[in-house]
Asks: 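Below you will find the structure I want to go over with you.
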Amino acid sequence: MKLSGFNSLGFVLIVFVMLSACSTFAMTEFNVLNFGANLNGRTDSTNSFLKAWNAACGQCKSPQIIIRIDGTIVAPLDYGVLGKSDNWFSFEGVSGVSIIGRGIFDAKGPSLWACKAPNSNSCPSGARMFCKSNNIRINGLTSLNSQMFHIVINGCQNVHLRGVKIVAAGNSPNTDGIHVQLSRNVEILSTFIKTGDDCISIGPGTENLWIEQVTCGPGHGISIGSLAKDLKEEGVQNVTVKNTIFSNTQNGLRIKSWARPSSGYVQGVRFIGSVMTNIQNPIVIDQNYCPRNENCPGQVSGIKIKDIVYEDIRGTSSTPIAIEFDCSSKNPCTGIRLQNVNLTYLNKTTQSFCSNVVGKVFDLVRPNSCL
């Protein structure tokens, strides 16, 4: 079991963190305070975390380790200390770790966001929390003001998130709440996300993803993509998004791909039971994504999109077009299904837009479908 983490060079412990190593018969506790962690909110406590982790791993032969966080871990005030590192709290190559409690990870992101505001190339990219492991549970924690993506699940199997809270300003750049890619069997449940980018973004190689009871806003909604960044790209399949609430977001339920060739695909997606309030693009498939007209003009998306269901979606759009399917002329979207959809705009009838899409409508659908 290996941990490549606490590498922010500046963890500070304000209240209390406990690592517990579990065996078949007993639980042994390792409190980071006993390893030199300081509570003053200014002292670098990284080494104390590492010592506690090493002690727990060294004495525990069980495949389970519990990290309990009931305080606040803050990044250094100098964003450059943390921002030059890709990750500030990461697990790589471990199995059977649970991270629980009411703890808060405060990355102190606003100063870096301000640096990035004028598109300055001199600013560091920023750090995120990162997981590349199996059998991971995260329960009840808060990620506050992340410098970049809040939580990245990359190359994982069997990850369970419940009761997580993610908070950042609505104009914070590249602060996706939870990003999932190259991972299987991931659950995201009962989670509250306010951020400046996608609440949940889903990248290539995602399979068997279940999202339920997620509240999103502000943010850019729940997005599959951007896809087609690479010519050879793994697909996205078996995704369920159920019982979600969107409020004042840029998008609701979105699938997005660059207008470029790719071997990727999206199939077997179920969007079920969403309530939307004042959403700019409630339902959208965009296969002609080409920001700033760079690296894609004149090309079409190679992503194949099929078997996508939208069921029991209701609420209000902040624009007249509530449903937009702008699919690839080379690879039209197929098997699109709309059932019990009711979206309005200023108490008026909304519109739908379709290009290169084949599908069916069942029961009540408003706006009138263009399928």
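Values in this document were obtained by computation on a predicted structure and should not be read as measured data. Note that the numbering runs from 1 along the sequence shown for the chain.
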Asks: Tell me, with the steps shown, if Asp363 and Gln339 meet side-chain hydrogen bond (donor to acceptor under 3.5 Å, both in side chains).
Replies: CA-CA 6 Å; Asp363 302 327; Gln339 183 171 2; 2.9 Å; yes
Asks: Ion pair present between Asp312 and Arg314, side-chain N to carboxylate O less than 4.0 angstrom?
Replies: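 The answer is no: the pair does not qualify as a salt bridge.
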Asks: Would you please name every residue forming a side-chain contact (heavy atoms from CB on, under 4.5 Å) with Gln280, sequence neighbours left out?
Replies: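 With neighbours one apart ignored, the set is Gln250, Ser318, Thr319.
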Asks: Might you work through the side-chain contact (heavy atoms from CB on, under 4.5 Å) test for Leu338 and Phe325, ending with a clear yes or no?
Replies: CA-CA 12 Å; Leu338 295 168; Phe325 297 131; 4.2 Å; yes
Asks: Could you label the plane-to-plane angle of the Trp258 and Tyr289 rings as parallel, tilted or perpendicular, counting under 30° as parallel and over 60° as perpendicular?
Replies: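 Perpendicular, since the angle between the ring planes exceeds 60°.
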Asks: Is the number of heavy atoms from other residues, nucleotides or ligands under 6.0 Å of Lys194 NZ greater than 12?
Replies: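 No, because the 6.0 Å sphere around NZ of Lys194 holds 12 heavy atoms or fewer from other groups.
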Asks: Taking atom types as modelled, is there a side-chain donor on Ser274 or Thr244 under 3.5 Å from an acceptor on the other?
Replies: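 Their side chains do contain a donor-acceptor pair, which is all the 3.5 Å distance test asks for.
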Asks: State whether the side chain of Ser223 and the backbone N or O of Gly225 hold a donor-acceptor pair below 3.5 Å, judged by distance alone.
Replies: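 No; judged by distance alone, with no hydrogens or angles, the pair does not exist.
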Asks: SG-SG distance between Cys156 and Cys131 under 2.5 Å?
Replies: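 A disulfide is absent here, as the SG pair of Cys156 and Cys131 is separated by 2.5 Å or more.
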Asks: Which is it for Thr142 and Thr72 under the side-chain contact (heavy atoms from CB on, under 4.5 Å) test, yes or no, and what are the steps along the way?
Replies: CA-CA 9 Å; Thr142 296; Thr72 300; over 6 Å; no
Asks: List the steps and the verdict of side-chain contact (heavy atoms from CB on, under 4.5 Å) for Ile285 and Val357.
Replies: CA-CA 10 Å; Ile285 297 178; Val357 58; over 6 Å; no
Asks: With Thr175 as reference, evaluate Thr195, Asp197, Asn145 under the side-chain hydrogen bond (donor to acceptor under 3.5 Å, both in side chains) test and give the passing residue.
Replies: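 So, applying the side-chain hydrogen bond (donor to acceptor under 3.5 Å, both in side chains) to Thr175 and each of Thr195, Asp197, Asn145, only Thr195 qualifies.
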Asks: Can you check whether Val269 reaches Val241 side chain to side chain, under 4.5 Å on heavy atoms?
Replies: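 No, their side chains stay 4.5 Å or more apart.
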Asks: With sequence neighbours excluded, tell me which residues meet ring-ring contact (aromatic ring centres under 6.0 Å, His included) with Trp113.
Replies: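 By the ring-ring contact (aromatic ring centres under 6.0 Å, His included) rule, Trp113 matches no residue at all.
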Asks: Under 4.5 Å between any side-chain heavy atoms of Leu112 and Pro124, yes or no?
Replies: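 With C-beta onward as the side chain, the pair touches.
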Asks: Heavy-atom distance under 4.5 Å between the side chains of Glu233 and Ile303, does that happen here?
Replies: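 Sidechains of Ile303 and Glu233: in contact.
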Asks: Does any donor atom in the side chain of Asn134 or Asn158 lie under 3.5 Å from an acceptor atom in the other side chain?
Replies: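 Judged by distance alone, the side chains do not pair up.
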Asks: Check Asp198 with Arg254, please: is the shortest side-chain N to carboxylate O separation under 4.0 Å?
Replies: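 Yes, Arg254 and Asp198 are salt-bridged.
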Asks: Hey, does Pro76 have a side-chain heavy atom less than 4.5 Å from the side chain of Lys108?
Replies: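 Not touching, per the 4.5 Å side-chain cut-off.
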Asks: Does Ser90 use its side chain to pair, donor to acceptor, with the backbone of Phe130 at less than 3.5 Å?
Replies: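 Flag not set: sc Ser90 to bb Phe130 has no pair under 3.5 Å.
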Asks: Please verify the inter-ring angle class for Phe271 with Tyr310; under 30° counts as parallel, over 60° as perpendicular, anything in between as tilted.
Replies: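 Ring orientation of Phe271 relative to Tyr310: parallel.
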Asks: I'd like to know if the side chain of Ser329 pairs up with that of Asn356 as donor and acceptor (distance under 3.5 Å, no hydrogens or angles considered).
Replies: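 Absent: no donor and acceptor within the cut-off.
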Asks: Taking the six-membered ring for Trp and the full ring for Phe, Tyr or His, determine whether the centres of Trp53 and Phe91 are under 6.0 Å apart.
Replies: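 Yes, close enough.
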Asks: Pairing donors with acceptors under 3.5 angstrom, does anything connect the side chains of Ser301 and Ser257?
Replies: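 There is such a pair between these side chains.
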Asks: Are the side chains of Ile323 and Leu343 in contact, using a 4.5 Å heavy-atom criterion?
Replies: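 Yes, side chains in contact.
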Asks: Apply the side-chain contact (heavy atoms from CB on, under 4.5 Å) test between Phe246 and each candidate in Val214, Thr215, Val275, Ile222; give the one that qualifies.
Replies: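 That would be Ile222; it is the only one of Val214, Thr215, Val275, Ile222 passing the side-chain contact (heavy atoms from CB on, under 4.5 Å) with Phe246.
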Asks: Are Arg270 and Asp307 close enough for a salt bridge, meaning some N to O gap below 4.0 Å?
Replies: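 Asp307 and Arg270: salt-bridged.
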Asks: Determine whether more than 12 heavy atoms belonging to other residues, nucleotides or ligands lie under 6.0 Å from atom CG of Leu231.
Replies: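 More than 12 within 6.0 Å, yes.
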